[in-house]
Amino acid sequence: MPEGDTVLQTATRLHEALAGQVLTRSDLRVPRFATADLSGRTVLDVTPRGKHLLTRIEGGLTLHSHLRMDGAWRVYAPDERWRGGPGHQIRAILANAEHTAVGYRLPVLELLRTSEEDRAVGHLGPDLLGPDWDPGRALDRLLAAPERPLGEALLDQRNLAGIGNVYKCELCFLARVTPWLPVGALPDGALPRLVTLAERLLNANRDRPTRTTTITSELRTPPGPPSPPSATAAPGVTAATPAPARAPARPRSPQPVRVQERLYVYGRARRPCLRCGTPIRLADQDDRPTYWCPGCQSGPTP
């Protein structure tokens, strides 16, 4: 699922393949821009902005695209077979003498003046992976609606740009609160730490081929009785040192088990929590599948 980290990786691949090169072919397969021909123009750069991609082209033009849930850009060598999907899913083709970039299933694709980029991305909050990242401004935007559920607030790109549904679920787990807890009900100091953690997690994954929020070398003991939710544990939670489950009442000496999961809760419905062993729950929040651990995370649930 494309989020800020994977969009950055896509932008990097496109920039390496297209920037500084003259386009020998362009094909925008959306009705509004079907007649636009960018051939003969030089691609200047490809820049990510939150979950948006801005391909800037000679002559003051920008090709704006958004991947949403399952869009993708693929880069191919001249004689390489295209493998991104059937032909009817192709929305854009940009080619030069050495590479061809093909956009599949792009729900947003528009050609606009570079001077008018704000029309497409000006509403976005601070970019977690961008040069404009400003945790204070992101915090102010989140706190502007204290009654709003935390999960919805994190997904709102006007607050901070780059978080998608996977990070929403993982961040709420690491903060030990449910995604339905109102922003204003978080313990004192928890929201600034969560904003900092969001930036750390996305930056930790900016170059990884597979998104990871756990520590793969972490050792844990097999799960004991579920720990009661504890909002006060949130201050100690970090991406590098996830808070351990509360020690069981009776001493045990089990053999340590190596954690191989890459995510704590997302996609793990009904499987045991990596911290406490409680089965992970799944419900919709604003029409998005949302995962949480009822043993580790406090707050309201559906």
Side-chain angles (χ1 to χ4, degrees), residues 1-9 69-70 128-129 150-151 154-155 162-181 190 193-194 196-231 233-248 252-285 288-299 301-302:
M1 181 178 296
E3 304 202 20
D5 51 358
T6 47
V7 172
L8 174 65
Q9 293 172 18
M69 297 293 287
D70 61 349
L128 284 153
L129 294 176
L150 177 62
L154 290 174
L155 284 180
I163 292 177
N165 205 41
V166 176
Y167 279 118
K168 176 198 81 173
C169 296
E170 296 295 295
L171 285 166
C172 288
F173 175 81
L174 288 167
R176 292 186 178 270
V177 296
T178 69
W180 292 271
L181 184 73
R193 282 186 289 272
L194 187 60
T196 298
L197 178 56
E199 187 270 338
R200 290 183 58 195
L201 276 183
L202 266 74
N203 264 298
N205 283 283
R206 62 187 297 152
D207 298 319
R208 287 177 177 164
T210 304
R211 185 178 296 124
T212 304
T213 61
T214 62
I215 303 172
T216 55
S217 61
E218 176 189 358
L219 297 180
R220 71 175 182 96
T221 58
S227 303
S230 173
V237 177
T238 67
T241 57
R246 184 175 297 176
R252 299 181 302 163
S253 56
Q255 294 297 314
V257 178
R258 185 173 296 276
V259 174
Q260 297 179 340
E261 301 283 353
R262 293 189 177 275
L263 302 173
Y264 281 108
V265 292
Y266 190 87
R268 301 190 67 252
R270 297 180 296 279
R271 296 172 64 188
C273 172
L274 299 178
R275 278 195 187 137
C276 72
T278 302
I280 299 300
R281 297 282 303 279
L282 168 64
D284 279 351
Q285 183 182 40
R288 293 174 181 264
T290 298
Y291 301 82
W292 80 99
C293 172
C296 291
Q297 294 172 256
S298 62
T301 58

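Computed from a prediction, not measured in an experiment: that's the story for all the values here.
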(message) How long is the straight-line distance from CD1 of Ile163 back to CD of Glu199, given to the nearest 0.5 Å?
(response) 11.0 Å
(message) Is it the case that the side chain of Glu261 and the backbone of Leu274 share a donor-acceptor pair, with hydrogens and angles ignored and the cut-off at 3.5 Å?
(response) no
(message) When you compare the side chain of Cys293 with that of Tyr264, does any pair of heavy atoms fall below 4.5 Å?
(response) no
(request) Drop me the distance from Tyr291's OH to Gln285's CD, to the nearest 0.5 angstrom. (result) 13.5 Å
(message) Between Cys169 and Thr290, is there a side-chain heavy-atom distance shorter than 4.5 Å?
(response) yes
(request) Take Asp5 and Tyr167 through the test side chain to side chain contact (heavy atoms under 4.5 Å, CB included) and record every step on the way to the result. (result) CA-CA 10 Å; Asp5 51 358; Tyr167 279 118; 2.6 Å; yes
(message) For Pro289 versus Asn165, what's the shortest heavy-atom pair and its separation?
(response) O-ND2, 2.6 Å
(message) Tell me the closest heavy-atom pair linking Trp180 and Thr301, and the distance in Å.
(response) CE3-CA, 4.2 Å
(message) I'd like to know if the side chain of Glu170 reaches the main chain of Tyr266, judged simply by a donor and an acceptor atom lying under 3.5 Å from each other, with no hydrogens or angles considered.
(response) yes
(request) Rounded to the nearest 0.5 Å, what's the gap from CG on Asn203 to CG on Leu128? Could you check? (result) 8.5 Å
(request) Specify the closest pair of heavy atoms between Pro2 and Val7, including all atoms of both residues, with the distance to one decimal. (result) CB-CG2, 4.4 Å
(request) Over all heavy atoms of both residues, which pair between Gly299 and Thr178 is shortest? Give the atoms and the distance, please. (result) C-OG1, 3.5 Å
(message) In the structure I gave you, are the side-chain heavy atoms of Leu201 and Leu174 within less than 4.5 Å of one another anywhere?
(response) yes
(message) Between Thr212 and Thr210 (side chain of the first, backbone of the second, donor and acceptor by atom type, cut-off under 3.5 Å), is there such a pair?
(response) yes
(request) Evaluate the criterion side chain to side chain contact (heavy atoms under 4.5 Å, CB included) for residue pair Arg206 and Leu129; output intermediate values, then yes/no. (result) CA-CA 8 Å; Arg206 62 187 297 152; Leu129 294 176; 4.2 Å; yes
(request) Can you see which heavy atom on Glu3 is nearest to which on Gly164, and at what distance? (result) OE1-N, 2.6 Å
(message) For the backbone of Pro272 and the side chain of Arg268, can you confirm whether one donor and one acceptor N or O come within less than 3.5 Å of each other?
(response) yes
(request) Determine yes or no for a side-chain-to-main-chain donor-acceptor pair under 3.5 angstrom, with Gln9 supplying the side chain and Arg208 the backbone. (result) yes
(request) Compare all side-chain heavy atoms of Thr213 with those of Phe173 and state whether any distance is below 4.5 angstrom. (result) no
(request) Work out which heavy atom in Cys172 is nearest to a heavy atom in Leu150; give both atom names and the distance. (result) SG-CD2, 3.8 Å
(request) Using a 4.5 Å cut-off on heavy atoms from C-beta on, say whether the side chain of Met69 contacts that of Arg288. (result) yes
(message) Any non-hydrogen side-chain atom of Leu194 less than 4.5 Å from a side-chain atom of Val177?
(response) no
(request) Answer yes or no: is there a side-chain heavy-atom contact under 4.5 Å between Thr278 and Cys296? (result) no
